[in-house]
Amino acid sequence: MSAPRLSRKLVLEEAQRVPDGAGGHGLTWVALGTLWGLVEAGAGHERAGEFVTLSSVGYRITVRAAPQGAASRPKPEQRFREGARIFRITAVTEEDAEGHYLTCFAQEEVLA
């Protein structure tokens, strides 16, 4: 296997609950760090609702591996941000037998 071309700058983010000042809490996204990745689009589909259409595309995002438990290791329920684009991570696995790279399966959803 040849090394992937990690040419896209991605910010790894994690959701955190914060008090809303009224006894409840809201959700905010906190940056954990920047990773370089290879972003490959998969198949897309569209769902029409009553007032909005949701377009969804699956992606395979390859990044350098990090040890289990490291803050820089992506995991499901986190997301990558690239400018205004957001890729919600659904699964993570090792890309190669040596464990040098990780493949993150992600979804990008866009309201149309």
Side-chain angles (χ1 to χ4, degrees):
M1 177 184 139
S2 62
R5 187 168 179 261
L6 308 179
S7 61
R8 306 268 292 266
K9 189 176 182 178
L10 306 166
V11 177
L12 180 63
E13 297 181 333
E14 181 173 72
Q16 291 186 355
R17 295 170 79 162
V18 294
D20 65 4
H25 36 74
L27 191 66
T28 187
W29 288 91
V30 175
L32 300 177
T34 301
L35 301 172
W36 288 90
L38 168 65
V39 180
E40 300 173 288
H45 63 276
E46 184 176 86
R47 276 191 320 230
E50 187 174 340
F51 299 105
V52 68
T53 300
L54 179 66
S55 174
S56 178
V57 177
Y59 284 85
R60 288 176 51 107
I61 300 175
T62 303
V63 296
R64 288 196 191 282
Q68 289 284 349
S72 59
R73 185 181 175 99
K75 58 186 176 188
E77 299 183 18
Q78 292 179 333
R79 69 185 190 181
F80 288 116
R81 177 182 292 276
E82 181 183 37
R85 297 178 74 183
I86 295 174
F87 304 94
R88 182 177 44 86
I89 301 170
T90 57
V92 179
T93 188
E94 283 76 21
E95 171 77 17
D96 56 327
E98 295 80 26
H100 295 153
Y101 299 96
L102 298 173
T103 296
C104 302
F105 296 91
Q107 293 286 322
E108 180 183 33
E109 296 179 343
V110 179
L111 294 177

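One-based numbering along the sequence shown.
Qualifying side-chain hydrogen bond (donor to acceptor under 3.5 Å, both in side chains) partners for Thr103, counting only residues two or more places apart in sequence or in other chains: Glu95. Partners of Phe105 under the ring pair (Phe, Tyr, Trp, His ring centres under 6.0 Å) rule, at least two apart in sequence or in another chain, do not exist in this structure. Every side-chain contact (heavy atoms from CB on, under 4.5 Å) that Gln68 has, sequence neighbours left out, goes to Arg73, Glu94. For the side-chain hydrogen bond (donor to acceptor under 3.5 Å, both in side chains) test, residues two or more places apart in sequence or in another chain that qualify with Arg81 are Glu13. Ser72 is linked by a side-chain hydrogen bond (donor to acceptor under 3.5 Å, both in side chains) to nothing, counting only residues two or more places apart in sequence or in another chain. Under the ring pair (Phe, Tyr, Trp, His ring centres under 6.0 Å) criterion, Phe80 pairs with no residue at all, not counting sequence neighbours. Taking the salt bridge (Lys or Arg N to Asp or Glu O under 4.0 Å) definition, one finds that Lys75 meets it with Glu14, sequence neighbours left out. Judged as a salt bridge (Lys or Arg N to Asp or Glu O under 4.0 Å), and not counting sequence neighbours, the contacts of Arg88 are Glu109. With sequence neighbours excluded, no residue forms a side-chain hydrogen bond (donor to acceptor under 3.5 Å, both in side chains) with Gln16.
Panel note: side chain Asp96, backbone Tyr101; a donor-acceptor pair is recorded below 3.5 Å.
Across Gln107 and Ser56, no two heavy atoms sit closer than the pair OE1-OG, 2.6 Å. Scanning all heavy atoms of the two residues, the minimum distance from Leu102 to Pro74 falls at CD1-CD, 3.9 Å. Here the closest non-hydrogen pair linking Gly37 and Val63 is CA-CG1, 4.1 Å.
Side-chain contacts under 4.5 Å among hydrophobic residues (ILVMFWY), followed directly or transitively, place Val11 with no other residue at all. Taking Ile, Leu, Val, Met, Phe, Trp and Tyr as members and joining any whose side-chain heavy atoms lie under 4.5 Å apart, directly or through other members, Val30 forms no hydrophobic cluster with any other residue.
Under the 4.5 Å side-chain heavy-atom criterion for Ile, Leu, Val, Met, Phe, Trp and Tyr, Leu32 and Val92 are members of the same hydrophobic cluster. Side-chain heavy atoms closer than 4.5 Å link hydrophobic residues (I, L, V, M, F, W, Y) into clusters, and following such links, possibly through other members, connects Val57 to Val39.
Note on residues 26-40: no pairs pass side chain to side chain donor-acceptor pair (under 3.5 Å), not counting sequence neighbours.
Summarising the local packing, CD of Glu77 is surrounded by 12 or fewer heavy atoms from other residues, nucleotides or ligands at distances under 6.0 Å.
In this structure the side chain of Ile89 never reaches within 4.5 angstrom of the side chain of Ile61, judged on heavy atoms.
Taking NE2 of His100 as the start and OG1 of Thr62 as the end, the distance is 14.5 Å to the nearest 0.5 Å. Arg8 CZ to Arg85 CZ: the interatomic distance, rounded to the nearest 0.5 Å, is 5.5 Å.
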